[in-house]
Engineer: 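The structure under discussion is supplied below as structure tokens; questions concerning it will follow.
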Amino acid sequence: MKIVFFGNSGGIQGSSGGNTSFAVHTGQSLVLVDSSGSPLENLAHSALNPELIDALLLTHSHIDHIYALPSLIHNLWLSGRSRTLAIHSNRETLAKASEIIDVFGLRQKKAMFPIELNECTDSSFEIKDLRITPFPVNHLVPATGFVFDDGSSRIACFADCNSSTPIPDAARSCSLMVHEAGIGGKPDHSSGREAGLAAKEAGALELLLVHLPQSPELRARILSDARSVFRNTGIPVLFKEIEI
Ligand SMILES: [Zn+2]
Ligand SMILES: [Zn+2]
């Protein structure tokens with residue numbers, strides 16, 4: 001299983017990177033998580049074929065996680081997509097996704113491909129060779145994390161969340177945890193140290209920090225705070241495939 005990050009920043013975009021979004025793929029399946037920046041440009045930079053996108057998972061309805069959804073759909077339509085795009089998320093996020101799709105009348109475009117909105121429950125679902133387990137996380141709005149399992153490794157992706165978020169069973173002993181980390185003191189987000197503690201509690205093998213501030217100095221401090229409790233921590237390099 002491979003993961004490639006298109007952005008690793010929080011709400012503010014800048015030279016350190018765009019808003020956090022990424023792709024998980026196996027060669028058979030390609031799934032996007034959140035939609036920000038220029039989705040097809042991001043895929044091109046990552047040498048991923050947009051025709052192969054099976055599904056989009058949305059973590060929550062905050063603007064930095066969903067604003068590029070209309071552009072993604074528009075680009076896929078312009079590119080001649082005909083097969084269904086499945087979107088998975090919690091009910092509140094799907095409602096917001098539906099609203100921003102309709103602002104631009106995308107569903108009324110001629111020969112628009114089917115857009116399927118799937119509400120996540122406690123149950124796992126499968127996309128080709130990937131088993132995906134959604135789980136709730138504690139944030140300002142309803143938010144959903146996802147565990148990806150290809151049968152040989154597991155990636156646990158936490159959405160924006162605070163440190164009271166329970167670790168789901170599916171994330172325990174995962175190969176990789178992807179967790180947000182900020183400067184701390186924000187009630188609906190996690191600090192670097194809290195992200196490290198989550199990885200330690202889960203028994204993860206590796207931790208990658210996302211949703212970071214732009215400042216390189218702050219990033220270095222957050223990374224160091226996380227490493228003080230969980231040594232195998234890094235910050236993902238953008239557009240570089242990571243094999244898990
Ligand atoms: Zn966010
Ligand atoms: Zn958020």
Side-chain angles (χ1 to χ4, degrees), residues 3-24 31-39 42 56-72 87-101 119-120 134-147 155-168 171 176-196 198-199 207-216 218-219 221-223 225-226 233-236 238:
I3 185 166
V4 54
F5 290 83
F6 307 140
N8 59 23
S9 298
I12 300 176
Q13 309 145 0
S15 58
S16 293
N19 309 113
T20 297
S21 65
F22 51 94
V24 174
V31 175
L32 305 183
V33 179
D34 284 341
S35 191
S36 54
S38 300
N42 292 337
L56 168 68
L57 313 184
L58 296 172
T59 60
H60 65 298
S61 60
H62 280 159
I63 188 166
D64 47 320
H65 299 264
I66 65 166
Y67 65 85
L69 175 59
S71 182
L72 170 66
I87 302 177
H88 298 259
S89 191
N90 57 65
R91 181 181 306 178
E92 290 78 2
T93 306
L94 289 179
K96 183 64 73 181
S98 197
E99 270 180 52
I100 61 172
I101 290 168
E119 187 179 337
C120 291
F135 60 95
V137 302
N138 297 336
H139 190 43
L140 197 61
V141 294
T144 303
F146 299 94
V147 178
I155 301 176
C157 301
F158 284 65
D160 288 11
C161 62
N162 62 37
S163 61
S164 71
T165 297
I167 305 290
L176 171 67
M177 178 182 284
V178 177
H179 202 291
E180 72 136 285
I183 47 177
K186 293 186 176 175
D188 294 298
H189 291 279
S190 302
S191 66
R193 187 168 192 279
E194 287 164 343
L207 169 65
L208 287 176
L209 303 177
V210 295
H211 212 266
L212 297 157
Q214 285 294 316
S215 156
L218 286 179
R219 285 181 171 225
R221 197 206 300 171
I222 290 164
L223 181 60
D225 286 349
T233 303
I235 292 174
L238 303 184

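Atoms within a ligand are numbered from 1 in the order they appear, just like the ligands themselves.
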Engineer: May I ask you to decide if the ring planes of His211 and His189 are parallel, tilted or perpendicular, using 30° and 60° as cut-offs?
Structural biologist: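 Ring orientation, 0 to 90° scale: parallel.
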
Engineer: I need the NE2(His65)-the Zn ion (ligand 1)-OD2(Asp64) angle, rounded to 10 degrees.
Structural biologist: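 Taking the Zn ion (ligand 1) as the apex, the two atoms subtend 90°.
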
Engineer: With a 3.5 Å cut-off and no angle check, do the side chains of His62 and Asp160 form a donor-acceptor pair?
Structural biologist: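 No - no donor-acceptor pair under 3.5 Å links their side chains.
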
Engineer: Asp160: which N/O/S atom is nearest the Zn ion (ligand 1)?
Structural biologist: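 Looking at Asp160, the N, O or S atom with the least distance to the Zn ion (ligand 1) is OD2.
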
Engineer: For a quick check under 3.5 Å, do Ser15 and Gln214 share a side-chain donor-acceptor pair by atom type?
Structural biologist: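 No - no donor-acceptor pair under 3.5 Å links their side chains.
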
Engineer: So Asn42 and Ser36, do their side chains get closer than 4.5 Å, heavy atoms only?
Structural biologist: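 They are not in contact (no side-chain heavy atoms under 4.5 Å apart), so the answer is no.
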
Engineer: To 10 degrees, how wide is the angle ND1 (His62) to the Zn ion (ligand 2) to NE2 (His60)?
Structural biologist: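 Roughly 100°, rounded to 10°.
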
